[in-house]
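Note that these values count all heavy atoms, side chains included, but never hydrogens, waters or copies made by symmetry.
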Amino acid sequence: MSSIVEERTIASEVVGPEVEVAVVPAAEAAWFDQQLATHHNLGAGRSVGDYLRQTVKVRGTVAALLVWGPACYELKDRDRWISWSAPQRVARLKLIVQNRRFLLLSDKEAAPNLASQAMGAALRALPGQWQEAFGYRPLLAESFTDPEVYAGTCYRASNWEPVGFSTGYSRDRAKFYIPNERPKKLWLYALDRQARRHLRAVQVPADCQPAVTPPPGGVLPVNQPQMLSLLEAIRVAPDPRAKNTRFRRGPVLAIVAMALLAGRREIAEIARFATTLSQRQRHLLGLPRKPTTKAFYKVPSYSVFYALLTQLDGEAFAAHLAAWLQAHAEALPQALAMDARMIRAHLGRLARAQPEDGAPPAVASSDQKEGTPRGG
């Protein structure tokens with residue numbers, strides 16, 4: 001092993017006195033995986049998605065191996081800690097990386113602080129190395145320990161935060177997930193001081209944006225009971241249009257409200273958001289069926305949203321939506337926090353939209369949490 005290590009000519013980062021963290025090149029992946037297969041109780045694992053192998057050298061000798069890969073799709077305690085919405089989770093999941101393997105190549109007794117020292121060095125090097133490898137900067141790291149076997153001392157010593165447990169399921173190729181009756185302890189480490197705020201903000205930092213992917217259709221910022229509750233709260237808002245409209249104000253305004261909560265800030269974006277609703281969601285909202293079939297429900301077009309929003313009593317709508325948000329504040333993620341003033345500001349932009357392309361004459365973006373202008 002030592003001869004392979006000493007002959008390396010790969011990019012690395014010196015993160016402290018006598019400590020160097022390097023990314024393992026493809027030519028040495030087989031050697032790396034063999035060490036894990038031989039010495040790690042979980043073996044080497046499979047390389048999936050964006051996948052990074054690290055070595056930590058102390059005084060010129062490889063002391064630890066670490067593997068980083070994609071995060072879990074959904075974790076209740078992690079998602080509650082971030083307090084982001086479902087669309088944000090789906091779109092920004094790649095900004096979380098998972099520590100899949102951590103192997104010391106020497107006995108703990110030989111160097112009592114080696115585990116935490118190696119982990120700390122790897123974490124400091126990880127954001128830059130990941131960005132160089134995959135083109136975007138991650139914001140958060142996650143990992144798991146089995147409380148029946150490990151106390152997680154190394155993670156605690158290197159400033160990981162314990163936030164809960166997994167649900168006790170394992171991935172299975174045939175059944176997707178199967179119960180294993182052994183929940184794992186969940187640890188999180190913020191790779192950026194503002195990790196939580198960035199993950200649930202309207203926009204992520206520029207160097208994180210390449211990782212963001214549009215969520216698939218049917219992913220809403222609220223769950224089904226909340227959607228129906230929102231519909232009931234919003235439908236009482238006055239409708240300035242003629243009475244013979246095909247799309248009733250309740251469903252249209254509920255879509256507008258959910259689109260605003262999902263970060264849509266233009267009429268064209270709201271119209272596109274409506275098209276992502278599943279047929280069941282459209283049915284539950286009370287949208288009209290297509291005349292030629294009973295199984296297809298139509299959504300409002302751009303012109304429908306434009307006609308309503310440019311005539312809408314913004315004060316009344318903001319009051320209804322703000323009251324609903326306040327009533328459900330404990331059950332909603334912090335990413336959806338908006339007050340009446342912020343809602344009125346967004347509606348004001350929509351009301352000034354140009355009918356040709358939906359662009360407002362004066363563009364100013366707002367921070368969803370603070371509600372303060374940025375640029376103009």
Working to the nearest 0.5 Å, report the span between CG of Asp207 and OH of Tyr136.
12.0 Å
Counting only N and O atoms by type, is there a donor-acceptor contact under 3.5 Å from the side chain of Gln281 to the main-chain atoms of Gly218?
yes
Are side-chain N/O atoms of Ser143 and Tyr155 paired as donor and acceptor at under 3.5 Å?
yes
Of all heavy-atom pairs between Leu284 and Leu231, which one has the smallest distance, and what is that distance?
O-CD2, 4.0 Å
Working to the nearest 0.5 angstrom, can you tell me the gap between Ile82 CD1 and Arg92 CZ?
10.5 Å
Could you tell me whether the side chain of Asp79 and the main chain of Trp81 form a donor-acceptor pair under 3.5 Å?
no
Where the side chain of Arg282 meets the backbone of Thr275, is there a donor-acceptor pair that is under 3.5 Å apart?
yes
Gap separating the CE atom of Met119 from the OH atom of Tyr189, nearest 0.5 angstrom
10.0 Å
Spell out, as yes or no, whether a donor-acceptor pair under 3.5 Å connects the side chain of Asn99 to the backbone of Glu142.
no
Parallel, tilted or perpendicular: which describes the rings of Tyr297 and His283, with under 30° parallel and over 60° perpendicular?
tilted
Quick check for you: to the nearest 0.5 Å, what is the distance between Tyr302 atom OH and Ile270 atom CD1?
9.5 Å
May I ask you to decide if Val163's main-chain N or O and Arg78's side chain share a donor-acceptor pair within less than 3.5 Å?
no
When rounded to the nearest 0.5 angstrom, what distance separates NZ in Lys76 from CZ in Phe165?
11.5 Å
Please confirm whether Arg46 makes a cation-pi placement over Tyr51, using NZ or CZ under 6.0 Å from the six-membered ring centre and within 45° of the ring normal.
no
Inter-residue atom distance Asp313.CG - His320.NE2, 0.5 Å rounding:
8.5 Å
For Arg265, is there any backbone N or O sitting under 3.5 Å from a side-chain donor or acceptor partner on Glu269?
yes
Six-ring centre of Tyr73, Arg89 cation under 6.0 angstrom, axis tolerance 45°
yes
Is the number of heavy atoms from other residues, nucleotides or ligands within 6.0 Å of CD (Gln224) greater than 12?
yes
Expected output: side-chain Gln226 to main-chain His328 donor-acceptor under 3.5 Å:
no
Within the distance-only criterion (no hydrogens, no angle test), does the side chain of Arg241 pair as donor or acceptor with the backbone N or O of Asp239 below 3.5 angstrom?
no
Is the side chain of Glu20 donor-acceptor paired with the backbone N or O of Lys57 at a distance under 3.5 Å, no angle test?
no
